[in-house]
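Heads up, the thing below is written out as structure tokens.
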Amino acid sequence: MHLIGVDIGTTSVCGVLLDVKTRRIVRSVTKDNPAAMPSPRRWEFAQDVPSIWYTVKTIVDELRSGPADVRGIGVTGQMHGILYIDAGGNPVSPLYTWQDQRGDLPFSADATYAEQLGRMTGYPMATGYGMATHFYNASNGLVPRGTAAFCTIADYAAMRLANRTRPAIDPTNAASLGLYRLQTLEFDREALACAGIDADLLPEQVPSGTVIGSTEDGVPVTAALGDNQASFLGAVRDVRSSVLLNIGTGSQISVHADTFRTAEGIDTRPFPGGGYLLVGASLSGGKSYALLERFFRETLRAFAGYDGPNLYETMNRLADEAIAEETALQVNTQFFGTRQDPLKRGSIGGIGPDNWTPRHLVRGFLEGMIDELFRYYEAFPPSVKERVSTLVASGNGVRRNGALRRMLERRFGLPLVLPDGLEEASRGAAICAGVGCGLYPDFFRL
């Protein structure tokens, strides 16, 4: 027996075929996400929905083309972003992704749209969150005519796979939109009314792992799961004793809490099956490392006419050479701002004649990325950190960089484990389908 999990990322879409008994990936298919839509507006980040759906459907068909006995399909994908659909389930807008910055545009002389929405509702709000995006669109007459609902891209794909015309949403994705009561796991309808947001546009909420329909030939499809929760579920061996670091375009640190907890600068997000994930999310991560690689490459091009491949392998080697030295630079890698302060920028300090070298610069960038994550870790409640015994690290930025792994172990003081397989989010989506279809007892006993 097998399960399929699909992860709709910002730049790629991945699907896996998971063996139910061993929980190992027996086949995976990854395709580029070609859906990015160029825009003359520098703040707009949108993707073409039919293109994404075609890629998802192609991957599912490929995974089902062999002899596998598929018993369920789960979906996950990029959170926070939204698209609008009509009463027939057809998209009437692009996907406005989590990177979209219209929420940072000025609503008034003293507030952005995201800030204004926060003032009206009492909920902290950041640009890229679905409610901030919708608030801007509704305020500027940009909600398409005929709109019946809005949802995440993963909700849309699950709806299509399940042959529905109305999307369903679970708490993990619902909370990612904003204006959501985490203690009671429901949208705050009073807050929605204060902001003038029509609650009838929201998808039907269902528990995580709910079977929402089936494919044309009867394979059950479960409600989509948020990609942060799916990655955690697919990466860790023990939900309650692991802390997960994911270093991709951005970076995140996540840990499970049995009860609702809050901490300064930390997101509290619903976890499938019970409890919450406490999450520290940085906008930089691998994007900062890519910024440094671009600097090196442009320097080589300007001075030596270099036009070769990327320089990450060389950078990783330089980091290894500098790892034991004591003259590292102090690099603040918040080059792309933070969710709380989009205008914040990074810095490089402690420059001296002994450390202004490429290898120290590489090491400084890596340590800056780690510092951001460790500050979040320090903010977790002591009762949550006390039971953590394992550091799990996912993402190609960690897998391909031995120096980064060693630096993480040293900073956190915990043994570091890499997950089995490369596609943690897709694997988590497949596991979610397994729970929903009754093949696993729950999200904690697999």
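Quick note: numbers below take in every heavy atom, side chains included, and nothing from hydrogens, waters or symmetry partners.
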Using 4.0 Å as the upper bound for N to carboxylate O, is an ion pair formed by [Y] and [X]?
| X | Y | result |
| --- | --- | --- |
| Asp217 | Arg64 | yes |
| Arg166 | Glu204 | no |
| Arg317 | Glu313 | no |
| Asp69 | Arg71 | yes |
| Glu186 | Arg181 | yes |

What do you reckon, is [atom1] of [X] surrounded by more than 12 foreign heavy atoms closer than 6.0 Å?
| X | atom1 | result |
| --- | --- | --- |
| Arg375 | CZ | yes |
| Phe336 | CZ | yes |
| Lys57 | NZ | no |

Step-by-step side-chain hydrogen bond (donor to acceptor under 3.5 Å, both in side chains) determination, Asn316 to Tyr289: CA-CA 10 Å; Asn316 296 344; Tyr289 207 47; 2.8 Å; yes
Intermediate values then yes/no, side-chain hydrogen bond (donor to acceptor under 3.5 Å, both in side chains), Gln229 and Thr172: CA-CA 7 Å; Gln229 291 88 338; Thr172 66; 4.6 Å; no
Quick check against the 3.5 Å criterion: does [X] have a side-chain atom that pairs as donor or acceptor with the backbone of [Y]?
| X | Y | value |
| --- | --- | --- |
| Thr76 | Asp227 | yes |
| Arg405 | Val398 | yes |
| Gln252 | Ala281 | no |
| Thr22 | Arg24 | yes |
| Thr222 | Gly436 | no |
| Asn401 | Ala403 | yes |
| Asp155 | Thr152 | yes |
| Ser51 | Asp48 | no |
| Lys385 | Glu378 | yes |
| Arg427 | Arg23 | yes |

May I ask you to check whether [X] and [Y] show a side-chain donor-acceptor distance below 3.5 Å?
| X | Y | result |
| --- | --- | --- |
| Asn228 | Arg269 | yes |
| Gln101 | Thr127 | no |
| Tyr84 | His134 | yes |
| Asn33 | Thr10 | no |
| Asp100 | Thr97 | no |
| Asp170 | Ser208 | yes |
| Asp188 | Tyr180 | no |
| Trp98 | Ser176 | no |

Test ring-ring contact (aromatic ring centres under 6.0 Å, His included) applied to Phe444 and His256, step by step: CA-CA 11 Å; Phe444 300 90; His256 182 267; 5.4 Å; yes
Cation-pi, Phe335 ring and Arg345 (6.0 angstrom, 45 degrees):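 The answer is no; the distance or angle limit is not met.
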Cationic tip of Arg301 above Tyr306 ring, under 6.0 Å, 45° of axis: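 Judged by the rule (NZ or CZ under 6.0 Å from the ring centre, within 45° of its axis), Arg301 is not positioned above Tyr306.
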Output field: ring centroids Phe260/Tyr276 closer than 6.0 Å: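 Between Phe260 and Tyr276, the centre distance is under 6.0 Å.
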Centroid-centroid distance, Phe45 to Tyr96, less than 6.0 Å: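 They do not qualify: ring centres at least 6.0 Å apart.
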Intermediate values then yes/no, side chain to side chain contact (heavy atoms under 4.5 Å, CB included), Leu83 and Phe150: CA-CA 5 Å; Leu83 66 136; Phe150 61 84; over 6 Å; no
Test ring-ring contact (aromatic ring centres under 6.0 Å, His included) applied to Phe374 and Phe412, step by step: CA-CA 7 Å; Phe374 192 75; Phe412 282 84; 5.1 Å; yes
Chi angles and distances behind the side chain to side chain contact (heavy atoms under 4.5 Å, CB included) call for Asp32, Thr11: CA-CA 6 Å; Asp32 290 340; Thr11 59; over 6 Å; no
